[in-house]
Amino acid sequence: MRHVLLLGGTTEASALASLLAQGGIAATLSYAGRTENPRAQPVPVQIGGFGGVAGLVDYLREHRVTHLVDATHPFAAKMSAHAAAAAHQAGVPLLALTRPAWQPTADDRWTHASSIEASAAALAGAPRRILLALGRMHVDAFAAQPQHHYLLRFVDAPHTPPRLPHYSLVVDRGPFSVEGDRALMQEHGIDLVVSKNAGGKGAEAKLIAARQLGLPVLMIDRPAMPARLEVHRPEDVLAWLDHGSVPGAERGV
Ligand code: 3Y8
Ligand code: NAP
């Protein structure tokens, strides 16, 4: 009897949950519990951390998980590291469902930063009006550059105000639209967009809007991920569940 543990929190994870439910494949989708009202899912959901690698190994064994699918966001590096370690220890096959990194087009004005902290350091200089579309968890890093006016976008209203002297706050969850992001940038007079290289469609709108408006983008490159089998389409996960392999799948390194 198959039981898939699906580490979620992305558009692709939700799409896979629907395919698993339609296929009658037993699955549990897992959220960290970062947001107040996570999207409802067509499969049972577990919310909260597992308690490190050991806790995840225990979970895999106690719930007789037969397949572990890591469909977390490309910046959820700690969860992905734990998934790889726990799957190995528990002898449970692991597959990552992730998105290719975005690539700039000839019409894009990207510069790169290697991390969130490096992106804050790259903002030294004269005051600007910056769309900081990174969510809530890393806003404090930008207190190092208080001269800017930041447009913040959070999923939920914060319990404590951000520690920035000049900011505007939008509370909204994606997926976002190009029209909506373009209007937001024009309304706030944005002259720079800071973004994680999340990939996928759910957060891409701001990049397309920036391109249309001729705005520069400071793109934060992805953290390193453990070596693991990776696919980019939810349908490829079904093939893996049925056959244990995916033709042409990438082994991320
Ligand atoms: C809790 C689950 C679905 C998944 C939807 C995707 C798309 C919309 C775009 C911007 C960028 C950002 C942020 C973002 C997007 C999708 C996807 C994606 C970026 C939810 C969700 C959870 C989270 C956690 C949240 C983080 C934050 C990051 C906002 C649900 C809605 C900025 C990432 O307030 C907080 O603490 C938010 C924390 C981690 C990053 C951060 O550092 O703040 N995602 N986002 C998951 C859990 O608990 O396990 O509430 O429904 C999921 C989605 N967010 O099924 O429809 O597939 O990526 N999420 C980034 O890309 O930079 C917004 O504003 O332009
Ligand atoms: P992270 O830093 O990689 O993980 C920190 C800890 O959070 C993990 O060690 C684990 O706790 C717990 N955790 C993370 N994802 C979990 C999940 N899906 N189910 C159960 N526990 C989880 O993670 P993060 O970057 O904060 O991301 C948290 C969630 O938000 C993930 O679901 C991710 O897909 C989603 N998300 C993140 C981003 C982003 O920009 N980081 C963007 C969109 C969505 P224990 O050690 O206790 O097990």
Side-chain angles (χ1 to χ4, degrees), residues 5-18 28-43 45-60 68-86 96-99 101-102 116 119 131-142 151-160 162 169-178 180-181 184-185 190 193-210 217-226 234:
L5 175 60
L6 172 53
L7 303 178
T10 60
T11 307
E12 292 75 12
S14 297
L16 176 58
S18 295
T28 302
L29 184 142
S30 173
Y31 283 124
R34 290 268 185 278
T35 52
E36 289 169 9
N37 300 295
R39 174 197 289 266
Q41 296 290 343
V43 297
V45 169
Q46 92 84 34
I47 297 182
F50 298 97
V53 173
L56 182 51
V57 170
D58 290 345
Y59 183 96
L60 294 172
L68 179 56
V69 177
D70 178 0
T72 58
H73 188 275
F75 278 70
K78 189 176 175 190
M79 185 70 258
S80 292
H82 288 189
L97 171 59
T98 185
R99 301 87 72 109
W102 291 314
I116 286 170
S119 70
L131 170 57
L132 200 60
L134 307 178
R136 173 184 61 172
M137 286 165 46
H138 303 287
V139 168
D140 289 354
F142 296 86
L151 173 56
L152 306 175
R153 180 154 64 186
F154 292 175
V155 177
D156 299 313
H159 300 301
T160 56
L169 174 63
V170 170
V171 178
D172 193 3
R173 66 169 53 222
F176 302 101
S177 71
V178 175
D181 279 4
L184 187 68
M185 293 179 193
I190 297 303
V193 174
V194 180
S195 171
K196 293 176 191 163
N197 197 326
K201 298 289 182 197
E204 190 182 23
K206 58 185 177 285
L207 304 183
I208 299 168
V217 172
L218 177 55
M219 184 60 72
I220 302 167
D221 295 328
R222 295 178 173 187
M225 281 289 167

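Whatever order the structure lists ligands and atoms in, that order sets their numbers, starting from 1. None of these values were measured; they are calculated from a predicted model.
At a heavy-atom distance under 4.0 Å, only backbone atoms of L134 (N, CA, C or O) approach ligand 1. When heavy-atom distances to ligand 2 are checked against a 4.0 Å cut-off, A77 comes that close only through its backbone atoms N, CA, C and O. When non-hydrogen atoms are compared, ligand 1 lies under 4.0 Å from the backbone of R34 as well as from its side chain. Contact annotation for F75 and ligand 1: no heavy atom of the residue comes within less than 4.0 Å of the ligand. With a heavy-atom cut-off of 4.0 Å, S14 touches ligand 1 through its side chain alone.
What sits closest to atom 63 (C) of ligand 1 on the protein, heavy atoms only, is F176 CE1, 4.0 Å. The protein atom (non-hydrogen) at minimum distance from atom 48 (O) of ligand 2 is F50 N, 2.7 Å. Taking atom 59 (N) of ligand 1 as the reference point, the nearest protein heavy-atom neighbour is V155 CG2, 4.9 Å. For atom 34 (O) of ligand 1, the nearest protein heavy atom (residue, atom name, distance) is R136 NE, 3.2 Å. With respect to atom 39 (C) of ligand 1, the closest heavy atom belonging to the protein is M137 SD, 3.7 Å. Remark: minimum distance from atom 30 (C) of ligand 1 to any protein heavy atom is reached at R173 NH1, 3.1 Å. Remark: minimum distance from atom 11 (O) of ligand 2 to any protein heavy atom is reached at G49 CA, 3.6 Å. Scanning the protein for heavy atoms near atom 2 (O) of ligand 2, the closest one is K78 CB, 4.1 Å. The protein heavy atom nearest to atom 9 (C) of ligand 1 is A203 CB, 3.5 Å. The shortest contact between atom 22 (C) of ligand 1 and any protein heavy atom is with T35 CG2, 3.6 Å. What sits closest to atom 37 (C) of ligand 2 on the protein, heavy atoms only, is H73 CB, 3.5 Å. Here the heavy atom of the protein found nearest to atom 20 (C) of ligand 1 is G9 O, 4.5 Å.
Proximity of atom 47 (C) of ligand 1 to the protein is indicated by at least one non-hydrogen atom lying closer than 4.0 angstrom. Not a single protein heavy atom sits closer than 4.0 Å to atom 28 (C) of ligand 1. Under the 4.0 Å distance rule, the nearest protein heavy atom to atom 1 (C) of ligand 1 falls inside the cut-off. Checking atom 18 (C) of ligand 1 against the protein gives no heavy-atom contact under 4.0 Å. Counting protein heavy atoms under 4.0 angstrom from atom 51 (O) of ligand 1 gives one or more. For atom 14 (C) of ligand 1, no protein heavy-atom neighbour is present inside the 4.0 Å cut-off. For atom 6 (C) of ligand 1, a protein non-hydrogen atom is found at a distance below 4.0 Å.
The only option from L152, I220, V139 that meets the side chain to side chain contact (heavy atoms under 4.5 Å, CB included) definition with L134 turns out to be I220. The one candidate from L132, V217, I116 that meets the side chain to side chain contact (heavy atoms under 4.5 Å, CB included) condition with V194 is L132.
Between A76 and ligand 2, at least one N/O pair is under 3.5 Å apart. At under 3.5 Å, a nitrogen or oxygen of A32, whether backbone or side chain, sits near a nitrogen or oxygen of ligand 1. Considering backbone and side-chain N/O of S30, one or more are found under 3.5 Å from N/O of ligand 2.
Near G174, meaning under 4.0 Å from one of its heavy atoms, ligand 1 places the atoms 8 (C).
Remark: the T10 side chain and the T72 side chain contain no N/O donor-acceptor pair separated by less than 3.5 Å. With no hydrogens or angles considered, a side-chain donor-acceptor pair links S80 and D70 at under 3.5 Å. Between the side chains of Y31 and Q46, no donor N or O sits under 3.5 Å from an acceptor N or O.
Remark: the backbone N or O of G200 is paired with a side-chain donor or acceptor of W102 at under 3.5 angstrom. Remark: the backbone N or O of P158 is not paired with any side-chain donor or acceptor of R136 at under 3.5 angstrom.
Between R99 and ligand 1 there is a heavy-atom distance shorter than 4.0 Å. Within the structure, ligand 1 lacks F154 among the residues with a heavy atom less than 4.0 angstrom away. In this structure, A198 falls outside the shell of residues with a heavy atom less than 4.0 angstrom from ligand 2. Residue contacts with ligand 1 leave out G200, since none of its heavy atoms falls under 4.0 Å from the ligand. A heavy-atom separation below 4.0 Å is found between G52 and ligand 2. The closest approach between a heavy atom of G55 and any atom of ligand 2 is not below 4.0 Å.
The NE2 atom of H73 lies 9.0 Å from the OG1 atom of T11; values are rounded to the nearest 0.5 Å. The distance from atom CG of L6 to atom CG of L29, rounded to the nearest 0.5 Å, is 4.5 Å. Atom CG of L56 sits about 7.0 Å away from atom CG of L7, to the nearest 0.5 Å. A distance of 11.0 Å separates CG of D172 from CG of D156, quoted to the nearest 0.5 Å. With values rounded to the nearest 0.5 angstrom, R222 atom CZ is found 7.0 Å from F75 atom CZ.
Cation-pi geometry between R153 and F176 is satisfied (NZ or CZ under 6.0 Å from the ring centre, within 45° of the ring normal).
In this structure, the side chains of L151 and I190 come closer than 4.5 Å at one or more pairs of heavy atoms. Using a 4.5 Å heavy-atom cutoff, the side chains of M219 and K196 are not in contact. Using a 4.5 Å heavy-atom threshold, the side chains of E204 and R99 count as separate. For the pair S119/F142, a side-chain contact is recorded, criterion being any heavy-atom separation below 4.5 Å from C-beta on.
The option with the heavy atom closest to atom 32 (O) of ligand 2, from among A32, A203, G8, is G8. One option in M137, E12, K196, M79 has a heavy atom closer to atom 8 (C) of ligand 2 than any other, and that option is M79. Taking each of P74, G51, G9, S80 in turn, the one with a heavy atom nearest to atom 47 (O) of ligand 2 proves to be G51. With H138, E12, R153, H73 as candidates, the residue nearest to atom 61 (O) of ligand 1 on a non-hydrogen basis is H73. Between the choices R34, H82, Q46, the shortest heavy-atom distance to atom 6 (C) of ligand 2 belongs to R34.
Shown here for A224 and A77, the closest heavy-atom pair between the two residues is O-CB, 4.2 Å. Smallest separation of non-hydrogen atoms from G135 and F154: O-CE2, 3.3 Å.
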Inset, instruction - Output, in order, the C-alpha distance, side-chain angles, deciding distance and verdict of side-chain contact (heavy atoms from CB on, under 4.5 Å) for S195 and L207. - result: CA-CA 8 Å; S195 171; L207 304 183; 4.1 Å; yes

Legend entry - Derivation and outcome, side-chain contact (heavy atoms from CB on, under 4.5 Å), residues Y59 and S30: CA-CA 11 Å; Y59 183 96; S30 173; over 6 Å; no

